[in-house]
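Predicted model only: the values in this text are computed from it and were never measured. Lettering of chains follows the sequences in order, A, B, ..., and the numbering in each one begins at 1.
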Amino acid sequence: MRVAGRILSWRSHGKSAFAHIEDAGGRIQLYFRLNVLGPESFEDLDFLDLGDWLGVEGRLFRTRTGEITVEASFWNLLAKSLRPLPIGKEEVDPETGERIVHSGFADTQTRYRQRYADLAVHPEVREVFRLRSRMVTALRSFLDARDYLEVETPILQPIYGGAAARPFTTYHNALDTTLYLRIADELYLKRLIVGGLERVYEIGKDFRNEGIDRSHNPEFTMLEFYQAFADYEDMMALVEEMLATVAREATGDTTVTYQGEAIEFAPPFERVSFVDALSEGLGEDFREMDEASLRSRAEGLTGDDLEGAGRGRLLDKLFGALVEPSLMQPTFVVDYPVELSPLAKLHREDPRLTERFELFVAGRELANAFSELNDPLDQRSRFETQQELKAAGDEETHPLDEDFLRAMEYGMPPTGGVGLGIDRLAMVLADQPSIRDVILFPTLRPEDGGQG
RNA sequence: GCGCCGCUAGCUCAAUUGGCAGAGCAACUGACUCUUAAUCAGUAGGUUCGGGGUUCGAUUCCCUGGCGGCGCACCA
């Protein structure tokens, strides 16, 4: 029997000693005896520390308490730990069987900063990232099986777009030009639809130069997928099936527990219309309300100054305050007002609305999708409306992208498109309260202040 | 950006009304050949986040700066 691993615990008994080592395959107990190893090898054990990597050969046996153990007939040091790992002492609760860790490694910021140490001492953290990997693999398989082509589009972009967000700005020396880190993949993927790649998807990082909190990291992973000759109804059905499949493949079940709440990913998901949900929250039909009364309701609810916010922004604020927090189970909110959705096609039955849905889970937005706007004239006028809002003081409007319009002018088939936040889905499936718990190296202020 | 809370040994945390800065684990020395939060005896370990103030005396009270956590705002 040969095993290797990192020393996690050590119990020395004079002429014998017990230890636990751990590697990716798990944990095992080691037993060292003077009269098995001989005096030289046994005395050298004194130089070992917790955290060292050890290789061991010996026979397997069961101790008096029943634990499978390797009795070492030979051992060697594979790598030395010069810096003590913050390994907590563990015990198993005799009643519940749960693992209790004493005096562990608790400081969240140090855990994120030194993820290598966090991973080294917390098997449950390693499992979160294994789950995330299974989830991403399942998403790829799901789309690949449906003839989607995985593509890569630019992260460095001369004009950012596809969402309303502040970008990171950078500079290319040889081209002597300003470039932006992408805030969404959308506009490039739609160019590919124009080019005849009828089903495309991309999993990649987007970058938004905005606040950091439990559900926002400046760089985050987004899945976007687009399918020609589909509409938002088709995409809703696809998303339902996708999430049920992915939940099952990543966690083993379509029901997952998130922060104590059971969440059911088996289709069908709840559907509510934006208009109904918001009007119900407000107690009256918002379409009959003027901008001033919407603003006063929104300011009353959120307690902030919304001077200068357009009607779309006010509706969104109200929706965020009145409706979103209650959407625990997977819920499609459908048919958003046109002023909220500059890239979505007008609703086939009501031109004040667009054919758009957002998926909410655990009170957070997980996906955003629409029947893509494919009318270049309408798209141009929507962009122009955005420019007017910008002129009126709205800071996060969609820029006008002439090349994107040119692409659409060649003719874009009717298309359904979806953007899905990978990190947020990972939070739900891995039952993690913060986006930083599902990102290996979340964005932090640089150490030693001023270094970066 | 605003509010609340926090910062003490490598780690997890104490410290009475303002009165010698402590414990457990880790480290080090010793005892112990089926232990498992091993046990037992001992040793060492500190700019109490920085600066200023009040005081005979500050980990403690006040001011100020830094960093962090949580909440809010921002994130259509």
- Just say parallel, tilted or perpendicular for the rings of A/Phe168 and A/Phe207, cut-offs at 30° and 60°. perpendicular
- For B/C32, which nucleotide is its Watson-Crick or G-U wobble mate, given both distances must be under 3.5 Å? none
- Quiz item: A/Glu67 side-chain donor-acceptor pair to B/U35 base, under 3.5 Å: no
- Atom CH2 of A/Trp10 and atom P of B/A38 are separated, to the nearest Å, by 13 Å
- Query: Looking at A/Tyr336, does the NZ or CZ of A/Arg356 lie under 6.0 angstrom from its six-membered ring centre and within 45 degrees of the ring axis?
  - Reply: yes
- Could you check whether A/His20 gets within reach of a base, just the sugar-phosphate, or nothing at all, counting any heavy atom under 4.0 Å? base
- Message: Once you apply a heavy-atom cut-off of 4.0 Å, does A/Asp107 come out as touching a base, just sugar-phosphate, or nothing?
- Response: sugar-phosphate
- Message: Return the pairing partner of B/G3 with a 3.5 Å limit on both distances, Watson-Crick or G-U wobble; otherwise return none.
- Response: B/C70
- When you check the gap from the basic side-chain N to the acidic O, do A/Glu233 and A/Arg271 get nearer than 4.0 Å? yes
- Does B/A38 pair with anything, Watson-Crick or G-U wobble, both distances under 3.5 Å, and if so, with which nucleotide? none
- Query: Does any nucleotide pair with B/A23 by Watson-Crick or G-U wobble geometry, both distances under 3.5 Å, and what is it?
  - Reply: B/U12
- Touch class at under 4.0 angstrom, heavy-atom based, for A/Glu91 against every strand present: base
Every protein N/O lying under 3.5 Å from an N/O of nucleotides 43-49 of chain B:
none

- Just checking A/Gln29: base, sugar-phosphate only, or nothing, at a heavy-atom cut-off of under 4.0 Å? base
- Query: Hey, does A/Phe61 reach any base, or is it just sugar-phosphate, or nothing, if we go heavy atoms under 4.0 Å?
  - Reply: base
- Reckon A/Arg11 has a side-chain N or O less than 4.0 Å from the OP1 or OP2 of B/U39? no
- Task: State whether A/Tyr188 and A/Arg191 meet the cation-pi test: NZ (Lys) or CZ (Arg) under 6.0 Å from the six-membered ring centroid, and within 45° of the perpendicular axis.
- Result: yes
- Message: Any strand counts, and the cut-off is 3.5 Å on both contacts for Watson-Crick or G-U wobble. Which nucleotide pairs with B/G46?
- Response: none
- Base-pairing mate for B/U54 - Watson-Crick or G-U, with both contacts under 3.5 Å: none
- Look at the rings of A/Phe274 and A/Phe319 and say which category their plane angle falls in: under 30° parallel, 30 to 60° tilted, over 60° perpendicular. parallel
- Would you call A/Asp375 and A/Lys345 a salt bridge, using N to O less than 4.0 angstrom? no
- Mind checking A/Ser215 for me? I need base, sugar-phosphate or nothing, with any heavy atom below 4.0 Å counting as a touch. nothing
- Message: Please name the nucleotide paired to B/U17 by Watson-Crick or G-U wobble geometry with both distances under 3.5 Å, or report none.
- Response: none
- Query: Touch check for A/Arg83, heavy atoms < 4.0 angstrom, all strands: base, sugar-phosphate only, or nothing?
  - Reply: nothing
- Message: Using a 4.0 Å heavy-atom cut-off, does A/Arg436 contact any base of the nucleic acid, only the sugar-phosphate backbone, or nothing at all?
- Response: sugar-phosphate
- Query: With distance as the sole criterion, is a donor-acceptor pair present between the side chains of A/Gln29 and A/Tyr31 under 3.5 Å?
  - Reply: no
